[in-house]
Participant: 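Pasting a structure below so you can have a look.
Both backbone and side-chain heavy atoms feed into the values below; hydrogens, waters and symmetry mates do not.
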Amino acid sequence: MQRIERIKEFGGWLERYEHESAACQCKMTFSIYLPPQAASGSVPTVYWLSGLTCTDDNVRTKAGAQRYAAELGLALVMPDTSPRGEAVPDVPERYDLGKGAGFYVNATQAPWDTHFQMYRYVTEELPALIEAEFPVIAGARSITGHSMGGHGALICALKNADMYRSVSAFAPICHPSIVPWGEGCFGAYLGEDKNAWAAYDATELVKNGAKLPPCLIDQGTDDEFLAEQLAPEDFAQACAAKQQAVELRRQEGYDHSYHFIASFIGEHLAFHYRHLSA
């Protein structure tokens with residue numbers, strides 16, 4: 001692991017690292033914000049999963065999360081959205097498949113299966129690395145994300161009932177098996193068997209009995225992708241049918257951008273802090 005950047009913010013440190021990933025079989029990049037409280041003791045961790053076309057850089061420069069993390073004493077871990085490098089397959093003419101679009105699944109289909117193991121990276125390799133190398137409390141984890149990353153946060157929480165104390169999401173892709181973004185990527189990464197897709201679909205996971213930790217979702221009513229790609233009502237209905245509690249807040253007038261995320265990121269981190277401190 002090599003540190004490639006270190007910037008002081010709000011009394012803590014924003015750091016960026018590269019490391020060789022066994023899961024993705026390439027060099028991966030992540031950022032971590034260590035609040036000032038980490039200088040004198042271990043702190044809880046919130047993982048942030050970013051959306052299509054993003055890297056770890058988008059959230060750390062646009063969301064304003066570090067100010068709230070410093071006040072609350074939370075570490076923020078911000079991985080990249082996909083494998084990178086010359087050996088990693090890509091479809092340059094598509095923003096929603098390949099580099100920048102890992103969808104947080106373990107791909108089973110060639111040529112994607114060698115490198116696109118983002119689910120294993122996020123739920124196994126990265127937490128093990130973070131808890132071995134940084135002053136964080138082992139097991140005190142929550143997870144959040146935006147759009148494709150909101151989808152990732154939901155499935156990681158649903159598939160690992162004891163791993164995360166809470167989950168939240170901004171405009172998540174809630175039912176990827178039935179929307180164009182999900183259909184395009186799931187077909188490429190996982191093949192044509194839709195039973196395989198259901199294992200990475202938050203709505204289908206709830207329908208099949210997966211348990212949800214405390215959950216907060218914010219969805220802007222003016223989101224340009226809401227009608228065609230996100231399907232939050234499907235997720236809410238599945239949760240209601242299974243008596244799974246979820247707070248779905250419809251935020252009037254907000255779009256899909258980081259302006260929306262920056263408006264509510266403080267509330268999301270406070271939500272996670274309550275559950276991480278319980």
Side-chain angles (χ1 to χ4, degrees), residues 28-33 45-66 68-69 74-82 96 100-105 118-123 126-127 130 141-160 163-176 179 181-182 185 200-203 205 212-220 223 225-226 229-232 235 246-249 251 254 256-272 275-276:
M28 293 293 290
T29 302
F30 69 88
S31 290
I32 181 170
Y33 178 70
T45 308
V46 175
Y47 288 79
W48 170 274
L49 304 184
S50 290
L52 287 167
T53 75
C54 292
T55 68
D56 61 303
D57 197 42
N58 296 73
V59 64
R60 70 186 201 140
T61 58
K62 294 181 178 180
Q66 292 92 300
Y68 300 105
L74 296 173
L76 300 177
V77 175
M78 299 156 277
D80 201 348
T81 53
S82 78
D96 58 345
F103 255 85
Y104 305 101
V105 304
M118 287 299 295
Y119 174 76
R120 182 156 65 96
Y121 177 72
V122 166
T123 60
L126 186 59
I130 296 298
R141 310 178 204 96
S142 292
I143 191 165
T144 184
H146 171 230
S147 193
M148 178 185 73
H151 141 78
L154 291 174
I155 65 166
C156 287
L158 284 162
K159 291 166 71 69
N160 299 276
M163 187 170 180
Y164 303 101
R165 305 256 183 106
S166 54
V167 60
S168 73
F170 293 85
I173 305 171
C174 290
H175 203 174
V179 302
W181 276 342
C185 280
Y200 295 102
D201 184 313
T203 297
L205 286 166
L212 189 66
C215 180
L216 171 65
I217 296 175
D218 273 327
Q219 175 61 63
D223 189 318
F225 301 110
L226 175 57
Q229 302 283 12
L230 305 181
F235 184 69
V246 57
E247 184 177 4
L248 172 58
R249 306 193 305 188
Q251 302 291 3
Y254 286 91
H256 199 73
S257 73
Y258 267 88
H259 299 287
F260 164 53
I261 295 167
S263 298
F264 300 102
I265 190 67
E267 294 177 26
H268 280 240
L269 292 181
F271 167 80
H272 293 302
H275 293 287
L276 288 164

Participant: Closest heavy-atom contact between Pro127 and Met163?
Facilitator: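 So the two residues come closest at CG-CE, 3.7 Å.
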Participant: Can you check side-chain contact (heavy atoms from CB on, under 4.5 Å) on Thr55 and Thr29, steps first, answer last?
Facilitator: CA-CA 9 Å; Thr55 68; Thr29 302; over 6 Å; no
Participant: Would you call Thr53 and Asn58 a side-chain contact if the rule is heavy atoms closer than 4.5 Å?
Facilitator: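 No, every pair of side-chain atoms sits at 4.5 Å or beyond.
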Participant: CD1 of Ile155 to CG of Asn160: how many Å apart, nearest 0.5 Å?
Facilitator: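 So the gap between those two atoms works out to 9.5 Å.
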Participant: Identify the two heavy atoms, one from Gly100 and one from Thr81, that lie closest to each other, and give their separation to 0.1 Å.
Facilitator: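 It is CA-OG1, 3.4 Å.
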Participant: Could you pull out the closest heavy-atom pair between Gly150 and Pro172, with the gap in Å?
Facilitator: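 Where Gly150 meets Pro172 most closely, the heavy atoms are C-CB, 3.6 Å.
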Participant: Where does the angle between the aromatic ring planes of Tyr258 and Trp48 fall among parallel (under 30°), tilted (30 to 60°) and perpendicular (over 60°)?
Facilitator: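 Aromatic pair Tyr258/Trp48 classed tilted.
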Participant: Has Arg165 got a side-chain atom pairing as donor or acceptor with His272's backbone, closer than 3.5 angstrom?
Facilitator: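 No; judged by distance alone, with no hydrogens or angles, the pair does not exist.
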Participant: Look at the side chain of His151 and the backbone N and O of Phe103, then say whether any donor-acceptor pair between them is shorter than 3.5 Å.
Facilitator: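 Such a contact is found between His151 side chain and Phe103 backbone.
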Participant: Quick one: list whatever passes side-chain contact (heavy atoms from CB on, under 4.5 Å) with Phe264, sequence neighbours left out.
Facilitator: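 Testing Phe264 for side-chain contact (heavy atoms from CB on, under 4.5 Å), a comparison that skips the adjacent residues, returns Phe170, Asp218, Arg249, Gln251, Tyr254, Phe260, Glu267, His268.
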Participant: For a quick test of reading the model, state the closest non-hydrogen atom pair linking Cys156 to Leu49 and the distance between them.
Facilitator: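 Smallest heavy-atom distance, with atoms named: SG-CD1, 4.5 Å.
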Participant: Working to the nearest 0.5 Å, report the span between NZ of Lys62 and SG of Cys54.
Facilitator: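 Rounded to the nearest 0.5 Å, the NZ-SG separation comes out at 6.5 Å.
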Participant: Please find the pair of heavy atoms, one from Asp80 and one from Tyr104, that lie closest to each other, and give the distance.
Facilitator: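 Shortest heavy-atom separation between Asp80 and Tyr104 comes out as O-OH, 4.3 Å.
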Participant: Over 60° means perpendicular and under 30° means parallel, so classify the ring planes of Tyr47 and Tyr164, tilted if in between.
Facilitator: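 Because their plane-to-plane angle is over 60°, the rings of Tyr164 and Tyr47 count as perpendicular.
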Participant: Supply the atom-to-atom distance Gln66 CD to Thr61 OG1, rounded to the nearest 0.5 angstrom.
Facilitator: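 Gln66 CD to Thr61 OG1: 8.5 Å, rounded to 0.5 Å.
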Participant: Check Ala153 against Ser168 and note the closest heavy-atom contact, atom names and distance.
Facilitator: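 Answer, listing the atom of Ala153 first, then Ser168: CB-O, 3.9 Å.
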Participant: Main chain of Leu248, side chain of Gln219: is a donor-acceptor contact present, judged purely on distance under 3.5 Å?
Facilitator: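 Such a contact is absent between Gln219 side chain and Leu248 backbone.
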Participant: Any side-chain heavy atom of Val246 within less than 4.5 Å of one from Leu212?
Facilitator: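 The answer is yes; the side chains approach within 4.5 Å.
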Participant: Are any side-chain N or O atoms of His146 and backbone N or O atoms of His256, one a donor and one an acceptor, separated by less than 3.5 Å?
Facilitator: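 Side chain of His146 to backbone of His256, a donor-acceptor pair under 3.5 Å: yes, one is there.
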Participant: Working to the nearest 0.5 Å, report the span between OG of Ser147 and CD1 of Ile173.
Facilitator: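 Those atoms lie 4.5 Å apart.
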Participant: Could you tell me whether the side chain of Thr144 reaches within less than 4.5 Å of the side chain of Leu216, counting heavy atoms only?
Facilitator: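 Heavy-atom side-chain distance check fails, nothing below 4.5 Å.
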Participant: Determine whether Leu276 and Val46 satisfy the following criterion, side-chain contact (heavy atoms from CB on, under 4.5 Å), listing intermediate values before the conclusion.
Facilitator: CA-CA 9 Å; Leu276 288 164; Val46 175; 4.0 Å; yes
Participant: Could you walk me through whether Leu154 and Leu205 pass the side-chain contact (heavy atoms from CB on, under 4.5 Å) test, one step at a time?
Facilitator: CA-CA 10 Å; Leu154 291 174; Leu205 286 166; over 6 Å; no
Participant: Could you measure the distance from the CD1 atom of Ile32 to the CD1 atom of Ile130? Nearest 0.5 Å is fine.
Facilitator: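 These two atoms lie 4.5 Å from each other.
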Participant: In Å and rounded to the nearest 0.5 Å, what is the SG to NE2 distance from Cys215 to His275?
Facilitator: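 Going from the SG atom of Cys215 to the NE2 atom of His275 covers 10.0 Å.
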Participant: Should Leu230 and Cys174 count as side-chain neighbours, where that means a heavy-atom distance under 4.5 Å?
Facilitator: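 No. Closest side-chain heavy atoms not under 4.5 Å.
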Participant: So if I apply the side chain to side chain contact (heavy atoms under 4.5 Å, CB included) rule between Pro232 and each of Thr203, Asp223, Leu226, which one comes out positive?
Facilitator: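 Going through Thr203, Asp223, Leu226 one by one, the side chain to side chain contact (heavy atoms under 4.5 Å, CB included) with Pro232 is satisfied by Leu226 alone.
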